[in-house]
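A quick write-up on the structure given underneath.
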Amino acid sequence: MPLTDENRGTNADGSRSEDYCTYCYKNGEFTQEFTMNQMIEFCLQFLDQWNTLTGCKLTPVQAKEQMLRHFPHLKRWKMKDERTLTEKATHLLAQCENVTVASIDAYGYPRPVQMSKIGAKGFHEVWMATSADSVKVNDFKTNNKAGLCYDHYGDGVALRGTVEIVTDDAVRKDMWQDWFIYHFPGGASDPNYVLLHFIGTEATFWINGEFAHSNI
C-alpha cells in the first residue's frame with residue numbers, strides 16, 4: 001500500500017509513521033494483533049476493492065502468492081516472533097468468540113456443533129453453556145470423549161480431550177452472563193442451564209505456517 005500524508009499511521013508521540021498506514025498502526029501500536037498469515041487472510045477480503053482501485057485482475061490464489069512472497073520482507077514481519085507455539089495458541093483462542101465442539105453420538109459418529117466460548121484457560125481448556133436436555137449433553141453423559149477446534153483468519157488449533165458437565169450452583173452462578181437469560185429464563189438457577197468444561201489432552205497446531213502435534 002503506497003503511503004501518503006493522508007493514510008500514514010501515527011506514532012506514540014502523534015507524529016506520522018514512516019513505515020505503517022493508519023489501518024495497521026495508530027498511536028504507536030498495531031491495530032490488529034495478527035500473525036503474518038492472519039494478516040494475509042484478512043487482506044484477501046478486500047481483494048475486489050483492490051482490483052478495482054488498481055485495475056488489476058488478481059485471483060485470490062494469485063494475490064495470496066504475491067503476499068506470501070512480499071510480506072516476509074516488510075518491517076513488521078521481519079521481526080521474529082519469540083513466543084512458543086502454545087503461547088501463540090493461547091493468544092489465538094483469546095481472539096475467538098466461538099469454537100466447534102464435537103461429541104460422539106450413539107452410532108459412534110462425531111457430532112460437531114459451533115458454540116460460544118464463555119471462558120478459557122491457556123490454549124486447551126474451554127467453558128461453554130448449553131441446555132441440560134440438549135443432544136450433546138446426552139452424548140457426553142454416555143461418552144465424555146470430545147474434540148474441539150478454533151480458528152481465526154487461517155490460524156487454527158484442533159484438540160482431543162474430554163468434557164465435564166457442570167451443574168454446581170456456585171460455578172453456574174460464577175460463569176453466568178447476562179445474555180444467557182434469552183435461553184434460560186430462570187437465570188443462573190434455571191435447572192436447564194448447565195456448563196460444558198472441555199479439557200484437551202492432545203493438540204494439532206497450524207499457526208503462521210507452523211504445523212505440529214503435541215500431547216498436553
Side-chain angles (χ1 to χ4, degrees), residues 30-35 37-39 41-42 45 83-105 110-141 143-208 210-216:
F30 292 115
T31 57
Q32 300 274 16
E33 286 298 325
F34 280 164
T35 64
N37 276 22
Q38 285 180 310
M39 180 60 80
E41 294 296 330
F42 177 79
Q45 65 186 325
R83 296 176 300 170
T84 65
L85 193 55
T86 56
E87 288 172 335
K88 294 175 186 177
T90 298
H91 179 71
L92 179 64
L93 180 55
Q95 293 176 300
C96 300
E97 294 184 1
N98 300 313
V99 299
T100 298
V101 62
S103 59
I104 305 298
D105 69 15
R111 182 178 179 274
V113 294
Q114 190 175 76
M115 299 189 69
S116 296
K117 179 199 74 180
I118 64 169
K121 181 180 179 182
F123 71 93
H124 67 288
E125 193 169 346
V126 179
W127 294 82
M128 299 150 283
T130 192
S131 300
D133 58 4
S134 65
V135 174
K136 54 185 167 292
V137 166
N138 186 61
D139 286 345
F140 288 130
K141 284 180 177 178
N143 185 346
N144 71 343
K145 292 180 180 178
L148 185 142
C149 60
Y150 52 91
D151 66 277
H152 189 61
Y153 285 111
D155 286 350
V157 175
L159 299 158
R160 293 202 298 179
T162 58
V163 163
E164 174 192 11
I165 302 167
V166 180
T167 59
D168 181 86
D169 287 342
V171 179
R172 291 194 306 158
K173 182 178 180 180
D174 185 58
M175 300 294 291
W176 176 264
Q177 297 184 16
D178 290 343
W179 64 271
F180 290 176
I181 198 68
Y182 297 105
H183 303 283
F184 309 108
S189 60
D190 192 314
N192 200 36
Y193 161 53
V194 299
L195 300 167
L196 300 181
H197 180 203
F198 173 89
I199 300 177
T201 56
E202 300 175 50
T204 300
F205 305 93
W206 173 255
I207 299 179
N208 206 35
E210 185 175 357
F211 180 81
H213 294 291
S214 175
N215 292 323
I216 302 169

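With contacts defined as side-chain heavy-atom distances shorter than 4.5 Å, the pair M128/L148 qualifies. Counting heavy atoms from C-beta on, the side chains of L93 and V157 never come closer than 4.5 Å. Annotation: side chain of L195 is in contact with side chain of I118 (closest heavy-atom distance under 4.5 Å). L159 places a side-chain heavy atom less than 4.5 Å from the side chain of F123. Between V137 and L196, the closest side-chain pair of non-hydrogen atoms falls below 4.5 Å. At least one side-chain heavy atom of V101 sits under 4.5 Å from a side-chain heavy atom of V113. D155 has its side chain out of reach of K88: every pair of non-hydrogen atoms, C-beta onward, lies at least 4.5 Å apart. Under the 4.5 Å side-chain criterion, counting only non-hydrogen atoms from C-beta, F198 is not in contact with K117.
Expressed to the nearest 0.5 Å, how far NE2 of H152 lies from CZ of F42 amounts to 9.0 Å. To the nearest 0.5 Å, atom CG of residue D168 and atom NZ of residue K173 are 12.0 Å apart. How far CE of M115 is from OG of S134: 7.0 Å, rounded to the nearest 0.5 Å. Taking CD of E41 as the start and CZ of F34 as the end, the distance is 10.5 Å to the nearest 0.5 Å. We find the CG-CG distance between N208 and N37 to be 4.5 Å, quoted to the nearest 0.5 Å. Here CG of N143 is found 11.5 Å from CG of N138. Values are rounded to the nearest 0.5 Å.
Counted by atom type alone, K136 and T130 present one or more donor-acceptor pairs between their side chains at under 3.5 Å. Side chain to side chain, Q32 and Q38 fail the donor-acceptor criterion of an N or O pair below 3.5 Å.
Nearest heavy atom pair, residue F205 against residue A89, reads CE2-CB, 3.8 Å. Closest non-hydrogen pair, P112 versus T100, comes out as CB-CG2, 3.9 Å. Between P191 and A132, the closest heavy-atom pair is O-CB, 4.0 Å. Between P185 and D190 the shortest heavy-atom distance is N-OD2, 3.4 Å. In terms of heavy-atom proximity, F184 sits nearest to S131 at CE2-OG, 3.7 Å. A pairwise comparison of heavy atoms in A146 and V163 identifies CB-CG2, 3.6 Å as the closest pair.
In this structure a side-chain-to-backbone donor-acceptor pair under 3.5 Å is present from T84 to E87. Panel note: side chain T201, backbone R160; a donor-acceptor pair is recorded below 3.5 Å.
A tilted orientation is assigned to the rings of F180 and Y193, their planes being inclined by 30° to 60°.
Atom NZ of K145 has 12 or fewer neighbouring heavy atoms from other residues, nucleotides or ligands inside a 6.0 Å radius. When the shell of 6.0 Å around CD of E97 is examined, it contains 12 or fewer heavy atoms from other residues, nucleotides or ligands.
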Requested in this report: Dump the intermediate steps for side chain to side chain contact (heavy atoms under 4.5 Å, CB included) on F211 and T204, then the final yes or no.
Outcome: CA-CA 7 Å; F211 180 81; T204 300; 3.6 Å; yes
